[in-house]
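Because the structure is predicted, anything quoted here is derived from the model rather than measured.
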Amino acid sequence: MKAKRKQAGTLLLAGALCLALLGGCASGGQAETVEGGSGENTENAEQLQTILATDLGVKSDMELNFPCLGLAVEVSESLGQRMDSGEILCQGSESTGDDGIDYAFLWWDVIPEENRGAAFTLDDAGQDALEKWFLSLERVGTIGVFRTELTGELDVLTGGSAHMKLGESADGAYQYYLSIREGADESAAEELRQTALNNVTITDMAPFSGGSAFDEPQADVSSLGQFTTETIAGETVTQDIFQGRKLTLVNLFTTWCTPCVQEIPDLEALSQAMADQGVQVVGVVLDAVDSSGRRDGEAVEKARLLQERTGAAYPFLIPDETNWNGRLAGITSVPETFFVDENGNIVGNTYVGSRDLETWTEIVETELAALEGAA
């Protein structure tokens with residue numbers, strides 16, 4: 001049986017939220033709910049711990065171009081307006097294995113009118129409410145790519161019953177389909193059909209290197225190189241941060257990603273427990289800069305509050321101008337974690353999704369042993 005890295009996952013696209021309950025950033029256990037914080041920051045802290053339904057989905061101005069899938073989608077104007085208004089939710093789902101992509105598709109659901117202004121806290125009650133909210137959505141349809149041998153399972157995989165083949169890969173290993181659910185909102189279904197017929201481009205699939213099927217192919221970066229950046233507290237940091245440590249766990253996250261927030265206390269515990277073995281943890285706040293590379297002051301402040309409330313003593317860094325020699329470019333799923341040695345060279349494996357302290361400890365011990373064995 002093929003080992004699955006991700007199953008029924010969600011998509012992170014320039015701000016689309018990656019949710020633990022959907023498995024896209026699968027949490028390796030229940031993280032302790034973060035509490036506390038100073039009184040003067042109560043209002044901002046409460047905002048930090050809240051997810052708005054309007055923030056969950058893909059927006060019409062996001063580039064839906066996925067080289068590893070050989071698929072690009074430009075939503076129609078009318079469908080895009082309904083996505084932007086919070087009437088229709090668009091996200092992504094995928095399954096990948098050791099031998100590549102099994103399937104990946106974008107899905108569109110109608111949000112019932114009474115649920116369009118919902119907000120959710122990041123505690124257990126909020127997660128329960130969020131799960132119920134997702135169950136209330138009404139599937140319209142999907143556009144995606146599937147291994148040819150899986151096309152007989154489209155009803156189960158997509159939730160649709162009417163399927164239109166849009167094309168196939170050059171080698172015939174994959175097929176592209178529009179799937180519409182029986183009884184779906186008629187106007188939304190027609191808008192999705194027009195999008196599929198007029199605004200879908202199928203190209204050769206770029207090599208898949210693991211991680212998310214929606215990721216952009218990344219440059220072959222072996223080292224983070226020389227850089228100068230700052231922590232969220234304004235302290236200058238260079239590549240020297242790695243010196244004197246055998247192994248650094250680099251955790252890429254955003255302030256609004258639920259699994260990212262939940263695993264920070266475990267990463268702090270890991271940092272404290274393994275310091276004597278020459279291991280440290282460094283966080284990188286991806287949303288601390290916008291798509292143009294400009295610093296986002298609001299996100300930096302949220303990260304500062306998050307660090308305070310979680311009690312994390314390890315540094316939270318702002319991406320530098322080089323995106324760490326290109327290593328941070330094309331990240332579409334968070335949290336993502338990789339390792340570097342004392343010289344800033346990238347070593348070991350990359351891990352997508354959050355994990356608990358026990359799992360991270362096992363992973364770090366394995367990566368540390370491999371590094372020491374290669375020395």
Test item: Val250 and Trp324 side chains (from C-beta on) under 4.5 Å apart, heavy atoms: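 Result yes, sub-4.5 Å side-chain heavy-atom pair found.
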Shortest non-hydrogen separation from [X] to [Y] and the atoms involved:
| X | Y | value |
| --- | --- | --- |
| Leu71 | Gly144 | CD2-CA, 4.3 Å |
| Val221 | Gly326 | CG2-C, 4.1 Å |
| Phe242 | Asp341 | CB-O, 3.7 Å |
| Val282 | Thr248 | CG2-CG2, 3.7 Å |
| Gln226 | Gln239 | CA-OE1, 3.4 Å |
| Met205 | Gly70 | CG-N, 3.9 Å |

Salt bridge (charged side-chain N to carboxylate O under 4.0 Å, His left out), paired with Arg82, selected from Glu77, Glu87, Glu190: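 Going through Glu77, Glu87, Glu190 one by one, the salt bridge (charged side-chain N to carboxylate O under 4.0 Å, His left out) with Arg82 is satisfied by Glu87 alone.
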No-hydrogen, no-angle side-chain donor-acceptor test under 3.5 Å, [X] and [Y]:
| X | Y | value |
| --- | --- | --- |
| Asp155 | Ser161 | no |
| Asn325 | Thr322 | no |
| Glu191 | Trp108 | no |

Side chain to side chain contact (heavy atoms under 4.5 Å, CB included) evaluation trace for Ile318 with Val285: CA-CA 6 Å; Ile318 297 172; Val285 189; 5.8 Å; no
Sidechain N-carboxylate O distance under 4.0 Å for Glu362, Arg355: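 So Glu362 does not pair with Arg355 through a salt bridge.
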Greater than 12 external heavy atoms within 6.0 Å of Glu74's CD: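 No, not enclosed.
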Asp171 CG: over 12 foreign heavy atoms closer than 6.0 Å: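 Result for CG/Asp171: enclosed.
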Side chain to side chain contact (heavy atoms under 4.5 Å, CB included) between Arg147 and Tyr103, worked out: CA-CA 6 Å; Arg147 284 189 184 272; Tyr103 64 80; over 6 Å; no
Validation row, ring centre Phe105 to ring centre Tyr177 under 6.0 Å: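 When the ring centroids of Phe105 and Tyr177 are compared, they turn out to be at least 6.0 Å apart.
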Donor-acceptor pair, side chain of Thr148 and main chain of Ala173, under 3.5 angstrom: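 Pair found, side chain donor or acceptor close to backbone of Ala173.
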